[in-house]
Amino acid sequence: GESVGLHLPTLSVQEGDNSIINCAYSNSASDYFIWYKQESGKGPQFIIDIRSNMDKRQGQRVTVLLNKTVKHLSLQIAATQPGDSAVYFCAENEENSWGKLQFGAGTQVVVTP
Amino acid sequence: GAVVSQHPSRVICKSGTSVKIECRSLDFQATTMFWYRQFPKKSLMLMATSNEGSKATYEQGVEKDKFLINHASLTLSTLTVTSAHPEDSSFYICSARLSSGIRETQYFGPGTRLLVL
């Protein structure tokens, strides 16, 4: 069936380096994508989103890239900080699905000193 | 902006009792809210879509008589776990959909950890 998944379950990054978290999706009808950050014991926190009519969107220290040709989504975090340690989920929304999101499996990012 | 709260943050109850969890959008109105369940180190699993003024839409495999949802106002949805059993122990998270122009983003509450003894 259609799904959203992540390539790497765990990503270890040295403080100050850039992080890249990848996500593959298979639903060609998806038109809206969101990255969430979830710290232990807390709800997901919105990071950045992108619509399918865009290839790139930048926020504060974060950039989301969308490659519709290969159905690939990535989140780049610049100058990773200890506070960036968390699980990151990509989520996709299919057009006309009343806002329902499908979540990927998640990537645990561990920032080392 | 876009703050969603949940109450309680954690609850412990005896098997057979019912537990109500509240989800509130604090600074915006949400005609649609969603309820998720999350097991340790797993992703979020959508349980149901809560629509203000109408019946909730449940995902396949989710018992609607077990998980009662009421979306009484544009800022409040409640999830009641009826006759809770230990297997219902989990982290329950709600989200509220904020529509802003062409963007419709879900903002999540902090979650409620339920432990059924």
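As a basis for the values below, the full set of heavy atoms in this structure was taken, side chains included, without hydrogen atoms, waters or symmetry mates.
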Those residues that, when tested against Arg113(B), pass side-chain hydrogen bond (donor to acceptor under 3.5 Å, both in side chains) (two or more places apart): none
Which atoms of [X] are under 4.5 Å from chain A, going by heavy atoms: the side chain, the backbone, both sets, or neither?
| X | value |
| --- | --- |
| Leu46(B) | side chain |
| Gln6(B) | neither |
| Lys42(B) | backbone |

Would you please indicate yes or no on a ring centroid separation below 6.0 angstrom for Phe103(A) and Tyr36(B)?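 Aromatic pair counts; centres sit under 6.0 Å.
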What verdict does the salt bridge (charged side-chain N to carboxylate O under 4.0 Å, His left out) test give for Arg24(B) and Glu22(B), after you've listed the backbone C-alpha separation in whole Å, the side-chain angles of each residue and the deciding distance to 0.1 Å? CA-CA 7 Å; Arg24(B) 295 181 185 271; Glu22(B) 293 185 349; 3.4 Å; yes
Examine whether an atom of Gln45(A) lies under 4.5 Å from a heavy atom of chain B, and if so say whether it belongs to the side chain, the backbone or both; otherwise answer neither. neither
Between Gly109(B), Pro110(B), Ser43(B), which shows the greatest number of heavy-atom pairs under 4.5 Å with chain A?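 When all of Gly109(B), Pro110(B), Ser43(B) are compared, Ser43(B) has the most.
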With a 4.5 Å heavy-atom cut-off, do Glu15(A) and Thr112(A) have their side chains touching? no
Pairing residues for His7(B) by the side-chain contact (heavy atoms from CB on, under 4.5 Å) criterion, not counting sequence neighbours: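 Expected list: none.
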